[in-house]
Amino acid sequence: MKTQSCNTTTEQELGQCFDRAKAQIGVDEAMLLVTRLLGVSFTELYTERGRVLSLPVVETLNRAVQRRLCGEPIAYITGYKMFRTLDLQVSPDVLIPRFETELLVDVVLDLTADRGRVLDLGTGSGAIAIALSKFRELQVVAVDNDERALQVCAENCKEHEATVEMVRSNWFENVRGRFDTIVSNPPYVAADDPHLDEGDLRFEPPSALVGGLSGLEHLEEIIHSAMNFLNPGGWLVIEHGYDQQTSVKKMFADRGYSNIQQRRDYTDTPRVMWGRAHGR
Ligand code: GLN
């Protein structure tokens with residue numbers, strides 16, 4: 001069945017192609033592919049079912065469906081992912097922004113007044129940095145150690161007219177100055193976590209996912225060093241793994257942060273923790 005529909009050799013009607021994609025990958029993802037890759041609007045999908053698609057167009061859709069059937073994330077196939085209200089470009093060089101990471105942005109917005117200086121460590125597609133710079137008058141610096149990730153971030157900044165200063169740096173290595181808030185969604189999955197062999201994670205850059213054997217390596221480094229880059233009374237806000245709450249809280253406390261607080265994500269899993277640098 002699959003092979004048959006894939007070997008289409010003639011032009012076909014839009015309705016027919018859409019229905020076939022729907023049967024293979026479900027209505028939501030079929031819609032995403034048709035609207036994103038074929039430039040057909042949601043309305044046209046229903047009002048222009050009889051529109052004839054040329055062979056190359058039919059093949060573009062079929063190839064995309066096959067990639068999805070092989071497990072590739074829909075975001076990498078379309079090249080886009082929504083984050084809050086932002087339509088962000090993504091590529092296999094960056095982590096696909098997660099719904100729960102929107103919480104990090106919410107927490108930073110709650111904690112930070114306008115005109116503060118914010119550092120986003122491990123920015124990837126730039127999701128957090130761009131969201132912050134769009135929703136508040138903040139001076140945002142975004143750091144990533146991967147040049148290709150910074151290129152994706154730069155594209156997104158351009159597309160959303162966001163003013164973000166980008167720095168290539170291994171965490172704090174090339175960072176200068178102090179910040180009112182430091183935010184990070186670092187790689188925090190343990191190297192032997194079986195989730196790495198499941199779903200979208202199989203296609204995402206390991207450098208954006210894996211936090212060493214324990215998963216805690218980068219979190220530890222960030223929590224430790226951030227204290228030296230925060231203004232007195234500034235906040236460090238981080239995302240962590242579903243089972244890391246106790247270890248992360250201890251790291252914050254051991255390093256002398258105060259007002260340590262946490263928030264659960266939409267699945268009621270502890271996900272975001274923050275604490276205040278001493279000095280005010
Ligand atoms: N939350 C991601 C997951 O799906 C991991 C992201 C990260 O390591 N920062 O497991």
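Ligands are counted one by one from 1 in listed order, and the atoms in each one are counted from 1 as well.
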Just list the N/O pairs, ligand 1 to protein, that are under 3.5 Å apart, with the distance for each.
unit_1: ligand 1; atom_1: 1 (N); unit_2: Tyr188; atom_2: OH; d: 2.8
unit_1: ligand 1; atom_1: 4 (O); unit_2: Arg98; atom_2: NE; d: 3.3
unit_1: ligand 1; atom_1: 4 (O); unit_2: Arg98; atom_2: NH2; d: 3.0
unit_1: ligand 1; atom_1: 8 (O); unit_2: Tyr188; atom_2: N; d: 3.1
unit_1: ligand 1; atom_1: 8 (O); unit_2: Leu209; atom_2: O; d: 3.3
unit_1: ligand 1; atom_1: 9 (N); unit_2: Asn185; atom_2: OD1; d: 2.7
unit_1: ligand 1; atom_1: 9 (N); unit_2: Pro186; atom_2: O; d: 2.7

Would you call the rings of Phe172 and Phe229 parallel, tilted or perpendicular if under 30° counts as parallel and over 60° as perpendicular?
parallel
Mind telling me whether Tyr257 and Phe252 have parallel, tilted or perpendicular rings, with 30° and 60° as the class edges?
perpendicular
In terms of heavy-atom contacts, Cys153 and Met166 come closest through SG-SD, 3.5 Å
Close aromatic pair by centroid cut-off 6.0 Å: Tyr76 and Phe203:
no
Under 4.0 Å between a Lys/Arg side-chain N and an Asp/Glu carboxylate O for Arg263 and Asp106?
no
Salt bridge Glu13-Arg49, side-chain N to carboxylate O under 4.0 Å:
no
